[in-house]
Each structure stands twice: as structure tokens, then as C-alpha cells.
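Nothing here was measured: the structure is a model prediction, and the numbers come from that model. Count residues from 1 along the sequence.
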Amino acid sequence: MIKDISVTLPQVAINQFLNSLLLSEIFYTNDIEGVKTSRVEISTVIQENNHPINGDDHISKKRLGSTIKMYQRTQLGKKLKSMFFKAIEKSMIPC
């Protein structure tokens with residue numbers, strides 16, 4: 001049911017949801033590990049990483065920039081892999 005609903009969501013809503021999950025995950029992991037960060041700091045880096053510069057992938061120069069980008073690339077890879085397999089499933093002809 002959730003999967004069916006998520007297909008109808010606009011991409012901007014999906015991206016916002018993933019960014020929210022990412023922010024919470026990093027914030028609470030840092031808290032457990034004793035790394036002092038704020039939600040605003042993490043959110044700023046997430047947003048900076050989401051904006052390519054001159055068409056190139058961008059990594060914020062701020063603290064946590066490369067770590068957050070690694071999480072974002074992992075999310076993107078999972079989305080691309082999922083889309084790839086869905087495309088293959090649709091193109092398969094049943095025997």
C-alpha cells in the first residue's frame with residue numbers, strides 16, 4: 001500500500017522525505033557518537049550538496065559535506081538500481 005502511494009508522489013515530495021530521513025539519521029548518529037552538530041548545520045550541507053555547480057556534482061566545503069554526499073549518492077544509487085530493475089521487469093515477456 002505505501003509503495004503504491006509513493007509512486008503517485010511528485011519527485012520533490014520524495015526528495016524532501018529522503019532529505020528529512022537523512023538529516024535525522026545523521027543528527028542522531030552524531031549525537032550517539034558525541035559529535036556536536038545541529039539540524040540547521042546538517043540541513044544546510046544537504047541543500048548545498050543538492051545544487052550542482054556548472055553542471056558538476058557538488059560537495060559542500062562545510063564540515064560533514066563529504067560524509068553527507070556519500071549518503072546522498074547511496075540513496076541515488078538505490079533509486080537508480082530500483083528504476084533499472086523495474087524497467088527490466090516491464091520489458092520481460094512472460095513465458
Side-chain angles (χ1 to χ4, degrees):
M1 177 177 239
I2 293 174
K3 190 174 182 179
D4 296 333
I5 294 170
S6 70
V7 173
T8 63
L9 290 174
Q11 190 60 46
V12 69
I14 294 169
N15 291 342
Q16 180 60 37
F17 177 71
L18 290 174
N19 286 339
S20 175
L21 289 176
L22 181 59
L23 187 150
S24 294
E25 178 67 25
I26 292 169
F27 180 78
Y28 289 117
T29 300
N30 284 351
D31 187 48
I32 290 168
E33 294 177 357
V35 177
K36 300 295 181 197
T37 54
S38 71
R39 290 180 167 276
V40 172
E41 177 185 15
I42 297 166
S43 180
T44 299
V45 174
I46 289 171
Q47 295 309 312
E48 287 179 4
N49 281 353
N50 283 338
H51 297 290
I53 296 178
N54 298 326
D56 290 334
D57 197 17
H58 176 67
I59 299 175
S60 175
K61 302 287 187 219
K62 293 185 171 130
R63 183 171 79 122
L64 301 173
S66 61
T67 301
I68 291 172
K69 192 60 168 186
M70 179 186 66
Y71 280 106
Q72 290 173 314
R73 286 178 176 154
T74 300
Q75 285 178 335
L76 178 61
K78 287 182 180 178
K79 282 195 281 186
L80 291 175
K81 187 175 181 181
S82 175
M83 289 174 12
F84 173 74
F85 285 119
K86 284 180 186 175
I88 288 175
E89 288 174 0
K90 286 181 181 179
S91 68
M92 294 178 123
I93 300 171
C95 297

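Once rounded to the nearest 0.5 Å, the distance linking CG of Asn15 with CD of Gln72 reads 10.0 Å. For the atom pair CG of Leu64 and OH of Tyr71, the computed distance is 10.0 Å after rounding to the nearest 0.5 Å. Rounded to the nearest 0.5 Å, atoms CD1 (Ile26) and CG (Asn30) are 7.0 Å apart.
Lys69 places a side-chain N or O within donor-acceptor distance of the main-chain N or O of Asn49, the cut-off being under 3.5 Å.
The side-chain heavy atoms of Ile68 and Ile42, taken from C-beta on, include a pair separated by under 4.5 Å.
Listed by chain and number, the residues in a side-chain contact (heavy atoms from CB on, under 4.5 Å) with Val12 are Pro10 (sequence neighbours excluded). Arg39 is linked by a side-chain contact (heavy atoms from CB on, under 4.5 Å) to Leu23, Ser24, Phe27, Tyr28, counting only residues two or more places apart in sequence or in another chain.
Under 4.0 Å is where a charged nitrogen must lie from a carboxylate oxygen, and between Arg63 and Glu41 at least one such pair does.
Cluster membership for Ile46 and Leu18, using ILVMFWY side-chain heavy atoms within less than 4.5 angstrom, is not shared.
A donor atom on one side chain and an acceptor atom on the other are not found under 3.5 Å apart for Gln16 and Ser20.
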* To do: Take Thr44 and Glu48 through the side-chain hydrogen bond (donor to acceptor under 3.5 Å, both in side chains) test and state the conclusion after the steps.
  => CA-CA 6 Å; Thr44 299; Glu48 287 179 4; 5.9 Å; no
